[in-house]
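Only one structure is covered here, and it is reproduced in the block below.
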There are 2 protein chains.
Amino acid sequence: MDIKQSPVSATDEFKRRIFFALSEPGRYKIVRMLYRVGHEMGCSELNRHVEIDKSTMSYHLRTLREIGLVTTRTQGREKFVQLNVDRINAVLPGLLASL
Amino acid sequence: MDIKQSPVSATDEFKRRIFFALSEPGRYKIVRMLYRVGHEMGCSELNRHVEIDKSTMSYHLRTLREIGLVTTRTQGREKFVQLNVDRINAVLPGLLASL
DNA sequence: TTTATAGTTGGGAATGTTTCAAACAATTGA
DNA sequence: TCAATTGTTTGAAACATTCCCAACTATAAA
């Protein structure tokens, strides 16, 4: 039960990044929104629901993408954002449901 | 399903702060350690397990205390840190178990 | 009283995060 | 082609966080 012998693994790292992502109000709202609607949303649709400057939104979505919480699909000039529910549930089961 | 109609409540705020707390490696380790051992630990005992400068440790423990994840009890010149398991499970059930 | 131990606090440097304006690229429709 | 729409990027300002040194308080032991 020594913490030095249970270092932060890659999975722990992923968990920590998920926590980091969810520690910011805007990203918290985005993630919860995506989970609740249960399907992908266009960025503009998200922007209509969450009052965030579009470049700030873009920044947050990039953060979520880099951490691996969302995946983006481009269609025409729209981008659709999808929550990686399974991937999150694999390391932190039930977390999304309790947001 | 409008996010503006489901603002971040006090509970959401608490959740967000828990995420913030766990997004830092040192605090993540401290919390996991406390959860795994299942009982309170003295600061010096924690210090022996987690390699953190004592003032940094004090800073992190204060943060955890202010957010409400731990409670501290003083006995003599020692301080015992206890994880508020029930309080955390009340808002994010199963989270601690998946750290 | 003196010394050692446990932990906190203040200060400051280094670093990281968030926000927005402005400029940009890409696609669509007139 | 020209204009509108979607979203990204860059850069800078403002702000927050983390870390460690040094000084401090308080308790316990010698």
Side-chain angles (χ1 to χ4, degrees), chain A residues 3-4 7-8 12-14 16-34 40-83, chain B residues 3-4 7-8 12-13 16-34 39-83:
Chain A
I3 238 164
K4 277 177 287 188
V8 173
D12 289 325
E13 199 56 36
F14 183 43
R16 280 211 311 99
R17 288 182 185 167
I18 292 176
F19 296 144
F20 170 78
L22 296 174
S23 72
E24 202 281 329
R27 289 191 299 256
Y28 181 95
K29 286 183 196 169
I30 292 169
V31 169
R32 189 176 59 177
M33 183 75 169
L34 288 169
E40 65 179 9
M41 290 178 80
C43 287
S44 55
E45 194 186 354
L46 263 176
N47 248 315
R48 249 172 281 126
H49 289 285
V50 189
E51 276 171 340
I52 296 179
D53 181 274
K54 70 170 184 169
S55 68
T56 299
M57 174 68 91
S58 188
Y59 163 72
H60 284 316
L61 286 177
R62 176 153 58 98
T63 302
L64 291 174
R65 216 160 39 227
E66 285 173 355
I67 292 173
L69 274 80
V70 303
T71 301
T72 287
R73 175 177 70 86
T74 304
Q75 186 178 42
R77 61 185 161 186
E78 267 216 275
K79 284 207 170 175
F80 292 92
V81 184
Q82 184 184 25
L83 190 63
Chain B
I3 238 166
K4 278 179 287 192
V8 174
D12 288 324
E13 198 57 35
R16 278 212 310 100
R17 289 182 185 168
I18 292 175
F19 296 145
F20 170 77
L22 296 174
S23 72
E24 201 280 331
R27 289 190 301 254
Y28 180 95
K29 286 183 196 168
I30 292 168
V31 169
R32 189 177 59 176
M33 183 75 168
L34 288 168
H39 53 72
E40 65 180 9
M41 290 178 81
C43 288
S44 54
E45 193 185 353
L46 263 175
N47 249 316
R48 248 173 282 127
H49 290 287
V50 189
E51 275 171 340
I52 296 180
D53 182 273
K54 70 172 184 169
S55 69
T56 300
M57 173 68 90
S58 186
Y59 162 71
H60 285 316
L61 286 177
R62 176 152 59 100
T63 302
L64 292 174
R65 218 161 36 228
E66 284 173 356
I67 293 172
L69 274 81
V70 303
T71 301
T72 287
R73 176 178 72 84
T74 303
Q75 187 178 39
R77 61 188 160 183
E78 268 214 275
K79 284 207 170 175
F80 292 92
V81 185
Q82 183 183 26
L83 190 62

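Just so we're on the same page: letters track the sequence lines, and every chain starts at 1.
Here the side chain of Arg27(A) pairs a donor or acceptor atom with the backbone of Ala21(A) at under 3.5 angstrom. Not a single donor-acceptor pair under 3.5 Å links the side chain of Arg65(B) to the backbone N or O of Thr71(B). Between the side chain of Ser23(B) and the main chain of Phe20(B), a donor-acceptor pair closer than 3.5 Å is present.
To the nearest angstrom, P of dG16(C) lies 13 Å from CZ of Arg17(A). Rounded to whole Å, the distance from CD on Glu51(A) to P on dT18(C) is 19 Å. The distance between atom CZ of Arg48(A) and atom C1' of dT5(D), rounded to the nearest whole Å, is 12 Å. Note: CZ (Arg27(A)) to C1' (dT18(C)) measures 9 Å, nearest angstrom. Look at CZ on Phe19(A): it is 20 Å from C1' on dT17(C), rounded to the nearest Å. At whole-Å resolution of the value, NZ in Lys79(A) and C1' in dT8(D) are 7 Å apart. Atom CG of Leu22(B) is separated from atom C1' of dT18(D) by 17 Å (rounded to the nearest Å).
Along DNA chain D, the nucleotide nearest Phe80(A) and the nucleotide nearest Glu24(B) are compared for position; the residue whose nucleotide lies closer to the 5' end is Phe80(A). Both Ile52(A) and Gln75(A) sit near DNA chain C, but only Ile52(A) has its closest nucleotide nearer the 5' end.
Closest heavy-atom contact between Leu83(A) and Val70(A): CD1-CG1, 4.1 Å.
Classification of the Phe19(B)-Tyr28(A) ring pair by plane angle, with boundaries at 30° and 60°, yields tilted.
Between Ser44(A) and dG7(D) there is a side-chain polar atom (N or O) within less than 4.0 angstrom of OP1 or OP2.
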Verdict with supporting geometry, Asp12(A) and Lys29(B), side chain to side chain contact (heavy atoms under 4.5 Å, CB included): CA-CA 10 Å; Asp12(A) 289 325; Lys29(B) 286 183 196 168; over 6 Å; no
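Counting any heavy atom pair closer than 4.0 Å across all strands shown, Phe20(A) reaches sugar-phosphate atoms only and no base atom.
Between the side chain of Arg77(A) and the base of dT27(C), at least one donor-acceptor pair of N or O atoms lies under 3.5 Å.
A salt bridge does not link Arg48(A) to Glu45(A): none of the charged side-chain nitrogens sits closer than 4.0 Å to a carboxylate oxygen.
A heavy atom lying under 4.0 Å from DNA chain C marks the following residues of residues 53-66 of chain B, by number: Lys54(B), Ser55(B), Ser58(B), Arg62(B), Arg65(B).
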